[in-house]
Chemist: 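First, the structure itself, so that you have it in front of you.
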Amino acid sequence: MVTFAFSPSWFLGIDAIFQLVTVLVTLLIAVYSHKLYKFTKEKSYRFFSYAFLLIGISYIINILMNISVYYPVIKVTQVGIFTIITKTFERVEIFYAVGFFVLRFLLLLGLVMLLLVLDKKQDKKYGFLLIYLAFVSALFGNYIFHIFHITTSLLLLFIFIYYYNNYLKYKSRNSFCVALSFLLIFISQIVFILLTVHPVLYVVAESIQLLGYLLLLFTFISILKK
Amino acid sequence: MNARRNKLDIVNDMLTSINEKGGKIKPTHLMYKANLSHKLLSQYLEDLVSNELVKEVSEGSNKYLVLTEKGVDFLNQFRKMKEFQKSFGL
């Protein structure tokens, strides 16, 4: 989940495939969790489903943004008796700004919702404060991208700590895999913070993130196969 | 058995009890195995039979409760749900 400009040119398109895997994983978990909500009527399943749905939607928008951030402009110029048609690609600044704000906000909102569901916090003030933090981070993320990644990292760190404790409680392979998945996704966000050092870090971050979501998919499949 | 079981947990306990007995059990045995009162057993049995998770079969003078295919499917789904709940910390 990064600004388009940081990606090495050879990696464009490959990152979209990586993110497509993320979309698939998050939507699968969202759909299954929603199915469990219908079955049990337990609110935790509903909000868990919404959290993964928001994360999935943010990645869908990210893929679309990366594809359509440059659009073709056809210019017609008359030079004497000749009509010259030129095709150039220009970036749509407003579309870019709004789109990236929306995808960042949705991702942060998804993570906030996930944290609230896991923490089982009933205090609305705590929830509003986190949503406000997500909003501000998404808004300023358009100008200083570090803010967005630092907030994402912090939320993922808290989620990882929760899952690590969950693993200590159950000591099962699946709970270990879920904790490890979120640790990998957290590490990927740390690497995203360092993007300005070298463009290859974008590839490293996307790869670690993909590994995290693939592990989550592996865990999900192994649960359903039992 | 957990003292604070919800409806789904009770249904699961009942179906598991039948399954552990080879898919067929006498109502009295089920009452003890699932730790239910006679009144609760009757209420839940009505639900299970109407939802086709269990069927009542008479063999001579004895009445048995038999786990259906839908009942076995419920047990599988419930086990997966519990594993999902544990693994994802819900």
Side-chain angles (χ1 to χ4, degrees), chain A residues 25-26 28-49 51-52 113-120 158-182 215-216 218-226, chain B residues 1-23 30 33-36 40-55 65-90:
Chain A
V25 177
T26 50
L28 274 175
I29 294 172
V31 168
Y32 184 69
S33 187
H34 189 71
K35 203 176 132 187
L36 292 183
Y37 165 67
K38 290 260 178 188
F39 183 56
T40 61
K41 300 287 174 214
E42 278 179 35
K43 278 184 183 173
S44 58
Y45 288 118
R46 186 170 69 172
F47 290 114
F48 192 76
S49 165
F52 274 88
M113 199 175 272
L114 185 58
L115 190 63
L116 290 173
V117 172
L118 297 176
D119 248 2
K120 295 167 182 77
F158 295 142
I159 292 168
F160 162 68
I161 291 170
Y162 177 85
Y163 278 126
Y164 178 68
N165 288 326
N166 189 55
Y167 162 66
L168 292 181
K169 187 178 167 188
Y170 292 112
K171 295 264 181 195
S172 69
R173 193 189 67 173
N174 286 335
S175 60
F176 173 77
C177 287
V178 172
L180 187 58
S181 302
F182 278 95
L215 190 59
L216 215 52
F218 167 78
T219 315
F220 180 68
I221 291 170
S222 77
I223 290 170
L224 292 194
K225 268 192 161 182
K226 271 199 168 184
Chain B
M1 301 284 174
N2 190 343
R4 283 157 49 196
R5 294 180 293 174
N6 63 27
K7 196 181 168 184
L8 278 175
D9 288 327
I10 293 173
V11 170
N12 179 59
D13 287 343
M14 289 173 77
L15 297 180
T16 305
S17 301
I18 305 173
N19 199 34
E20 283 171 357
K21 275 279 186 181
L30 179 62
K33 270 188 84 80
N35 200 20
L36 291 169
L40 269 180
L41 178 79
S42 305
Q43 282 174 5
Y44 275 96
L45 267 184
E46 205 175 299
D47 266 10
L48 295 188
V49 172
S50 66
N51 284 305
E52 296 170 355
L53 297 170
V54 159
K55 64 180 176 186
L65 297 163
V66 177
L67 191 63
T68 63
E69 213 171 289
K70 209 173 159 187
V72 175
D73 188 51
F74 176 95
L75 281 176
N76 286 332
Q77 295 305 323
F78 192 86
R79 200 178 56 241
K80 285 172 190 173
M81 183 189 83
K82 284 287 168 192
E83 186 57 35
F84 183 83
Q85 191 183 44
K86 263 168 57 181
S87 307
F88 283 89
L90 289 166

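Below, chains carry the letters A, B, ... as their sequence lines are ordered, and counting in each starts from 1.
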Chemist: Might you confirm whether atom NZ of A/K169 has over 12 heavy atoms from other residues, nucleotides or ligands at distances under 6.0 Å?
Modeler: no

Chemist: Taking side chain as everything from C-beta outward and backbone as N, CA, C, O, which of these in A/K120 sits under 4.5 Å from a heavy atom of chain B? Side chain, backbone, both or neither.
Modeler: side chain

Chemist: Could you measure the distance from the CE atom of B/M81 to the NZ atom of A/K35? Nearest 0.5 Å is fine.
Modeler: 12.0 Å

Chemist: Please report the interatomic distance CG(A/L224) to CG(B/N76), rounded to the nearest 0.5 Å.
Modeler: 11.5 Å

Chemist: Given that the side chain runs from C-beta out, which part of A/N174 has a heavy atom under 4.5 Å from chain B: side chain, backbone, both or neither?
Modeler: both

Chemist: Mind checking whether B/F88 and A/Y45 have ring centres under 6.0 Å apart?
Modeler: no

Chemist: Nearest 0.5 Å please: distance from the CD atom of B/Q85 over to the OG1 atom of A/T40.
Modeler: 8.0 Å

Chemist: Under 3.5 Å, is there a donor-acceptor pair between the side chain of A/Y163 and the main chain of B/G89?
Modeler: no

Chemist: For A/F176, is it the side chain, the backbone, both or neither that has a heavy atom under 4.5 Å from a heavy atom of chain B?
Modeler: neither

Chemist: Of the backbone (N, CA, C, O) and the side chain (C-beta and beyond), which part of A/F39 lies under 4.5 Å from a heavy atom of chain B, both, or neither?
Modeler: both

Chemist: Measure the CG-CD distance between B/N6 and A/E42 for me, rounded to the nearest 0.5 Å.
Modeler: 6.5 Å

Chemist: Go through the atoms of B/L8 and report whether side chain, backbone, both or neither lie under 4.5 Å from a heavy atom of chain A.
Modeler: side chain

Chemist: Output the distance between atom NZ (B/K86) and atom OH (A/Y167), rounded to the nearest 0.5 Å.
Modeler: 13.0 Å

Chemist: Please check if the number of heavy atoms outside B/K21 that lie under 6.0 Å from its NZ is greater than 12.
Modeler: no

Chemist: Given heavy-atom pairs under 4.5 angstrom as the criterion, report whether the side chain, backbone, both or neither of A/L36 touches chain B.
Modeler: side chain

Chemist: So, do A/I29 and B/F84 sit near enough that their side-chain heavy atoms are less than 4.5 Å apart?
Modeler: yes

Chemist: With a 4.5 Å heavy-atom cut-off, do B/E83 and A/Y170 have their side chains touching?
Modeler: no

Chemist: Using a 6.0 Å cut-off, check whether atom CZ of B/F78 has over 12 heavy atoms from anything other than its own residue.
Modeler: yes

Chemist: Would you indicate whether the side-chain heavy atoms of B/K7 and A/K41 approach each other to under 4.5 Å?
Modeler: no

